[in-house]
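Let me begin by presenting the structure, written as structure tokens, before commenting on it.
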Amino acid sequence: MTVRTRFAPSPTGYLHIGGVRTALFNWLFARKHGGQFLLRIDDTDQQRNVDEALAPILAGFRWLGIDWDEGPEVGGPYGPYYQSQRAGHYAAEAQRLLDAGLAYYDYAKPDEIQQEREAAQAEKRSFSYSRRFMAESDADRARFEAEGRQAVVRLKMPRDGQLVLHDLVRGEVRFDWANEQDHVIQRADGSCLYHLASVVDDYDFKISHVIRAEEHLSNTPRQVFIAQGLGYELPQYAHVPYVAEPGSKNKLSKRKLDKYLKNADFKKTNDHGQAIAERIGLTIAADTFNPVIVDFYEQVGYLPDAIVNYLLLLGWSLDDKTEDFSREAMIDAFSLERVNKAPASFDPAKLEAFQQRYMDRMDVKKKTAFVLPYLQKAGLVDNPPSCDTGPKVAAILTAAADRIRTGGDILDFDDFFTADDALAYDEKTFEKRLRKPEAAADLLTKFRNVLATTESFEPETLEATLKQFVEEQGIKIGEIIHALRVALTGKAVGFGMFDTLAILGRERCLARIDRALRIAQS
RNA sequence: GGCCCCAUCGUCUAGCGGUCUAGGACACCGGCCUUUCACGCCGGUAACACGGGUUCGAGUCCCGUUGGGGUCACCA
């Protein structure tokens, strides 16, 4: 049997990090077994701009390297893969259920059902519809319709017996049929609902394994009922845990941003991203640009491999030590048996740790290309860049090393790209390192003159030069170096001083020192 | 509330009856290194929810309690 899995996004306009994790498990399982992974679009809820709402989702999957064999944009032998285009087929299948006596026309009004439901709840018993508006004959139908009622189609669920489900991650799960509801599968206007559509599609698309989040576990019985009623062969089910909020077991939701922002790690990741977005002129509303949404990471400059590797470990593990997985390795190692049962909290801090690891492995050439667009979007370098930009960025990247953890972090070193007379100083640092220490200005002036005449301007010789200067002056290195840093970069922190000097070059160093000195003394 | 699921450090997890005075990773806290920051190195705090069984022996099996979660739509 060919393994075929699917992920079924509804076009909401963004790709949720928890959804991706579930999609990843589907993708891995299919790849592992040489099968197919497909995307099916759950748009039975007629929406206006499906294409527009779908684009970011497809883009997210592409960015992450989760490719689909069949579905939107790639087609496939069992299409269309949009539920909205398959309505007629669902209606036909609903009719088959009706014909088989497994579904019925129901003329109850919504509030009449609701009353029964509330009564059951008040009596602390499980709800079971009385079926008092069930039409069992044409005469019944005519009578109800004469009352001005409209019919929906409901499932006629068994009222006794048990369903024993063999779930690939949960094992044996039992449900009493009597607890299941007579769910509506078709509206009065003929349109069909999700559960029917989903089951029909899984069958039509020859899905062998339904791997989905555990919130679907409790609606599996009704889907099994539909599938069996229609004579379908059942897929294998695997209900994987959902991704939970940082520090809690609640399901991660994009609607509770305010709450997540109270989590220090989440806030840190978010603030970092927002700052970068602002600098590159990205204007996206907070509800679609935050760490719950995949696009956030792409914009901020995370690496897809880092995210996928992190997500892999949210609910799955190979053993007690392996954390690092290339795509090939994860495809090779993945199995449903090792998927955890309990929900896993999303931890932005750990994601960042993976990001840092993957970033460290990227060579300078790739990193330069990766980082360049951020400088361009921030208006710090031209587009296309001038020919000296590449080497300069590469030099900064090398010097900054692991200080640059996401693509956007290059902007922490914006001072290398601003004009000498436009350099902004961190006021507190300027005060503390340059204005306040009595000897600072004098030392800086002296060292400026040394720099003006030193023969070589390479990091190694500059280091020797400074060390010699320190010795001659009988001072500690800290007395000059902090003042020098704020004069050259405007900042309190940065990478090695000698790299800083060398990258800036003699001319710009002198110009910046002179300017800082002027300002300090004015 | 009914039904269902789940339960090891703050977090992700290893553990499938003895090798567990419970291992790893992230985070956190010390220290070292150091021109700042970061990295790195060394060290540390920190968990089997509780109660009964079963067994020579239980984190591991069973039952219960508690706690957490999911789901009960003419949403997907």
Side-chain angles (χ1 to χ4, degrees), chain A residues 8-12 42-45 83 106 108-110 113-114 117-118 120-128 150 152-154 165 167 170 173-176 178-181 183-189 191-195 197-198 213-221 239 241-242 244 246-251 264-265 310 313-324 337 340-354 356 360 400-405 412 429 433 463 466 470 476-482 484-486 489 491-498 500:
Chain A
S10 57
T12 51
D42 282 9
D43 58 348
T44 48
D45 218 18
Q83 292 194 326
D106 181 53
K109 292 173 181 169
I113 295 281
Q114 186 56 26
R117 190 177 287 123
E118 281 165 14
Q121 167 120 212
E123 290 169 40
K124 299 188 177 188
R125 57 176 169 80
S126 65
F127 167 59
S128 193
Q150 286 193 310
V152 295
V153 176
R154 282 184 189 279
L165 189 71
D167 189 278
R170 263 141 231 285
V173 184
R174 291 164 182 274
F175 300 88
D176 287 331
N179 288 323
E180 299 303 318
Q181 310 299 305
H183 283 278
V184 174
I185 54 172
Q186 188 173 23
R187 298 185 182 96
D189 67 1
S191 63
C192 290
L193 272 355
Y194 168 75
H195 291 291
S198 181
E214 72 169 288
E215 65 241 39
H216 286 287
L217 184 57
S218 29
N219 41 59
T220 305
H239 288 92
Y242 56 85
S248 124
K249 291 298 177 199
N250 292 39
K251 193 168 70 170
D265 293 330
Y310 170 71
L313 267 11
L314 256 193
W316 179 88
S317 68
L318 176 64
D319 53 31
D320 61 341
K321 42 186 63 93
T322 319
E323 286 218 311
D324 227 55
E337 293 76 60
N340 249 70
K341 290 194 185 111
S345 307
F346 175 65
D347 180 359
K350 188 146 187 174
L351 202 191
E352 286 191 1
F354 275 94
Q356 185 176 357
D360 281 347
D402 51 53
R403 293 170 184 81
I404 292 178
R405 296 181 180 180
D412 287 345
T429 306
R433 300 299 193 187
E463 177 164 9
L466 184 78
V470 162
K476 281 188 285 188
I477 197 166
E479 292 181 60
I480 175 73
I481 217 157
H482 297 297
L484 189 56
R485 184 183 298 283
V486 72
T489 69
K491 299 184 171 96
V493 300
F495 51 73
M497 200 62 245
F498 309 111
T500 302

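These figures come from a predicted structure and were not determined experimentally. So that the names make sense, note that chain A is the first sequence line, chain B the second, and so on, each numbered from 1.
- Taking the C1' atoms as reference points, B:A27 lies 28 Å from B:U60, given to the whole Å.
- Distance check: A:R125 CZ to A:N179 CG gives 12.0 Å after rounding to the nearest 0.5 Å.
- Residues that satisfy the side chain to side chain contact (heavy atoms under 4.5 Å, CB included) test with A:S317, not counting sequence neighbours, are A:R338.
- Paired with A:P241 under the rule side-chain contact (heavy atoms from CB on, under 4.5 Å), one option of A:K341, A:K251, A:R170, A:E215 passes, and it is A:R170.
- Residue A:P110 places its side chain closer to B:C74 than to any other of B:A73, B:C74, B:A76.
- B:C16: no Watson-Crick or G-U partner with both key distances under 3.5 Å is found in any strand.
- In this structure, A:K350 does not reach the B:U13 phosphate: none of its side-chain N or O atoms is under 4.0 Å from OP1 or OP2.
- Picking from B:C12, B:U35, B:C3 the nucleotide with the shortest atom distance to the side chain of A:I481 gives B:U35.
- A:D265 comes within 4.0 angstrom of no nucleic acid atom, judged by non-hydrogen atoms across all strands.
- A:K491 comes within 4.0 angstrom of no nucleic acid atom, judged by non-hydrogen atoms across all strands.
- Where A:Q181 and A:M497 each meet RNA chain B at their nearest nucleotide, the meeting point lying more 5' is that of A:M497.
- A sub-4.0 Å separation between OP1 or OP2 of B:C39 and a side-chain N or O of A:R405 is present.
- Within 4.0 Å of A:N250, counting heavy atoms only, lie sugar-phosphate atoms of the nucleic acid but no base atom.
- Of the side-chain N and O atoms in A:N219, none sit less than 4.0 angstrom from OP1 or OP2 of B:A73.
- Using a 4.0 Å heavy-atom distance criterion, A:G496 is classed as a base contact.
- Contact annotation: A:K249 does not reach the phosphate of B:G10 (side-chain N/O to OP1 or OP2, under 4.0 Å).
- The aromatic rings of A:H183 and A:H195 sit tilted relative to each other, their planes meeting at an angle between 30° and 60°.
- Residue contacts for A:V173: at a heavy-atom cut-off of 4.0 Å it reaches the sugar-phosphate backbone alone, with no base atom in range.
- A:Q356 comes within 4.0 angstrom of sugar-phosphate atoms only, judged by non-hydrogen atoms across all strands, and of no base.
- Across all strands shown, A:R170 has heavy atoms under 4.0 Å from sugar-phosphate atoms exclusively, and none from any base.
- When only modelled atom types and interatomic distance are considered, A:Q356 and A:E352 share no side-chain donor-acceptor pair under 3.5 Å.
- Both distances falling under 3.5 Å, in either a Watson-Crick or a G-U wobble arrangement, occur for no nucleotide opposite B:U21.
- Within the 4.0 angstrom heavy-atom criterion, no nucleotide atom of any strand lies near A:F346.
- Looking at heavy-atom distances under 4.0 Å, A:F495 makes contact with a base.
- Nucleic acid contact class of A:H195 (heavy atoms, under 4.0 Å, all strands): base.
- Backbone-only engagement by A:E214 is indicated by non-hydrogen atom pairs under 4.0 Å involving sugar-phosphate atoms exclusively.
- A donor atom on one side chain and an acceptor atom on the other are not found under 3.5 Å apart for A:R485 and A:T489.
- At a threshold of 4.0 angstrom between heavy atoms, the contacts of A:A401 with the nucleic acid are absent.
- Of the two residues near RNA chain B, A:K341 and A:G478, the one whose nearest nucleotide lies more 5' is A:K341.
- Side-chain N/O atoms of A:S218 include none lying less than 4.0 angstrom from OP1 or OP2 on B:G70.
- At the phosphate of B:U36, neither OP1 nor OP2 sits under 4.0 Å from any side-chain N or O atom of A:R433.
- Contact annotation: A:S126 side-chain N/O to B:C3 OP1/OP2 distance is not under 4.0 Å.
- Using a 4.0 Å cut-off, some side-chain N or O of A:R187 falls inside it from OP1 or OP2 of B:C75.
- Using a 4.0 Å heavy-atom distance criterion, A:A108 is classed as a base contact.
- In this structure the side chain of A:T220 never reaches within 4.5 angstrom of the side chain of A:D167, judged on heavy atoms.
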